[in-house]
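Reminder, nothing fancy here: chain letters follow the sequence lines and each chain counts from 1. These numbers come from a predicted model, not from an experiment. These values consider heavy atoms only, across backbone and side chains, with no hydrogens, waters or symmetry-generated copies.
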There are 2 protein chains.
Amino acid sequence: MRLKELALHLGLSQTTVSRALNGYPEVNEETRQRVLDAARRYDYRPNASARRLATGRAGAIGIVLPTDRNMLLDPHYIEFQAGLGERLMKDEIDIVLSPSKAGDEMATYRRMAISSRVDAVIVSSPTVDDPRVALLNELGLPFVVHGRTNSPLDYAWLDIDNEGAFRHAAKHLLDLGHRRIGLINGETRHNFALDRDRGFRRALAAHGVEVDENLVAEGIMSDETGYRITARFLAQRPRPTALLVSSMMMSLGALRAIRSAGLELGRDISMIAHDDVIPFLNPDAMVPTMSTTRSSIRAAGTRVAELLMELIVEGRSPASIHELWPVDLVVRASTGPAPRD
Amino acid sequence: MRLKELALHLGLSQTTVSRALNGYPEVNEETRQRVLDAARRYDYRPNASARRLATGRAGAIGIVLPTDRNMLLDPHYIEFQAGLGERLMKDEIDIVLSPSKAGDEMATYRRMAISSRVDAVIVSSPTVDDPRVALLNELGLPFVVHGRTNSPLDYAWLDIDNEGAFRHAAKHLLDLGHRRIGLINGETRHNFALDRDRGFRRALAAHGVEVDENLVAEGIMSDETGYRITARFLAQRPRPTALLVSSMMMSLGALRAIRSAGLELGRDISMIAHDDVIPFLNPDAMVPTMSTTRSSIRAAGTRVAELLMELIVEGRSPASIHELWPVDLVVRASTGPAPRD
DNA sequence: CTGTTAGCGCCTTCAA
DNA sequence: TTGAAGGCGCTAACAG
């Protein structure tokens, strides 16, 4: 069913039918009802491409999907997508995933912009100096960064307070008497990891504790990385009495290494992990329950979608969009006082 | 830059430029080169909506994204997406995620089809009797099911041999002398889980071993579920000497429960888990290494994309698309002979 | 309040 | 081998 036919059936012009359907105020209420009824009866839906061509709006927001093995380690990504979806659903806005090889992302953003496939894009996991911000700015494609990056430009971003989160977590451990604290971080080419590193160091500095660089490590946020780094840390003497871990997934591996070393979490060694609140990794279900710095990545997705809509629909200024979300420290059973030697 | 302007710059008609760009054979080679050069120089890209409107093809394939908490437990999903992307990238085909509430998926598929947002869709995680197959068939929207479902219709599908995988795995355990084998399955409303259940039972039956229904359980495939079910199984007397587990994520929880019970994996109790080959959960990195039934979900994504393209571009018949992939049994250190009492 | 008329940017038939 | 013209389905000025 096309608009034309529908109009014909109704004995109205396409214009009127279109207006009735799109909620224009100048349409007679009775006429509108007739149109709406007919549309429902015939299961009419405007053709997406035609509408886009006519309005110049794509009705979609874009995400560049890096397909390389090393980039997609992130099980959190799907939660973020779900969060986006939750909000975009309301306006029937689609999410367009544009697959891209690593190194080719810039070209992919370009393509999305120039072919006007999408009205805006999301920049995820920004690196410390992320070239995407300048590119998108130049292309004039609206975007929101999930995270932050160094840029002279005043772009729209939403980030969680990674620095504060890890500072508070480290402080909590210090207050419990821990002095040898290990940091198991994500890759510091990503800004969030650098922020966490910074928070960790500041807390130690504030307590006059020197950082042992042998107890600072980074890697992709996998179970395996968590295991390997923890095993290495635990081999040192004196060994660390506490760990700060960048993801729940890593904490699983860390926990294995701790058990393998014959230690008991929460007594011999403490741990705080960052929790993105993903449903299949619940800190309350762990044994012992895991102390965490908590911030829902799904909620972030929803909010990013909201901001995107404001950018597109209301023409809100990107420069006015800077949201730094506080992060909760949730103390559970994996943290305890530092053991006496 | 629009086609019109580009043509103007070149002193050619839009038609010729369009043909040159789209590889029509009737264009003079020299002309084509000039056009191609100019297009590159001006960074010209056809407007996606306009092209779609003109050709009737959307240049995108659709996935309905259920945003409800309980449905998205699947960290495997992102790997599947990456696999799709790997193939679709070649033809610059986008993936359109259409967010949908649970229960509303059918309407979302409808919407995608009628508004011709996409050329084809993917049906993931089909239930035992999945209504989507009939709907899409009726809508005439091409689709490939990743998995299988009961339907009188002859639809296109790609599935892994879940039945065979779990049959072999169970047989392997039986051959090692295990008699009390537990099954920790995904939700059996999903067809794959039912197939695994079937394979498990057949293997036991073939060995004349009766299934203890107290050692068969299912749930969402999370760490937590794995832990809870395993703890319950281990509380039984006599306790099981082996476990068949539906996902690596579950196996992490199971392993925790085993350790909490003071048992050693691979000696006191054996385990085989299904491995979708996701990069952040590597069975070789576990301690002990985990025996698995292995099948790359990413590879499946790539192949599904390929099939989709054949469906759309070459008009291949859906009825000719039935791929059942064998599943490898990879024996590692988590399986050993059944312990003597 | 409704209709007429032009496009949106591209592809494609038909004619040259 | 190239071009002119029409149309894909919809929206949006501009009239009435």
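Distance CG (B:L3) to C1' (C:dC8): 13 Å, rounded to an integer number of Å. The separation between B:N28 atom CG and D:dT1 atom P is 6 Å, rounded to whole Å. Here the P atom of nucleotide D:dT11 and the CG atom of B:L53 are 12 Å apart, to the nearest Å. We find that CD of A:Q14 is positioned 11 Å from P of C:dG3, with the value rounded to whole Å.
Counting atom types as modelled, A:R19 pairs a side-chain N or O with a base atom of C:dG3 as donor and acceptor under 3.5 Å. Judged by atom type and distance alone, A:T15 does not reach the base of D:dT11 through any side-chain donor-acceptor pair under 3.5 Å.
Nearer to the 5' terminus of DNA chain D, by closest-nucleotide assignment, is the contact made by B:V27 (compared with the other of A:S49 and B:V27).
Dashed line: the shortest gap from a side-chain N or O of A:Y24 to OP1 or OP2 of D:dA12 is under 4.0 Å. Between B:Y44 and C:dG9, a side-chain N or O to OP1/OP2 separation shorter than 4.0 Å is absent. Residue A:N22 places at least one side-chain N or O under 4.0 Å from the OP1 or OP2 atom of D:dT11. Between B:T55 and C:dC11 there is no side-chain N or O to OP1 or OP2 distance below 4.0 Å.
Proximity note for A:R51 (side chain, C-beta onward) versus D:dT2, D:dA12, D:dT11: the nearest is D:dT11. Residue A:S13 has its side chain nearest to C:dG3 when only C:dC10, C:dG3, D:dG9 are considered.
The minimum heavy-atom distance between A:R45 and B:R111, with the atom names listed, is NH1-CD, 3.5 Å.
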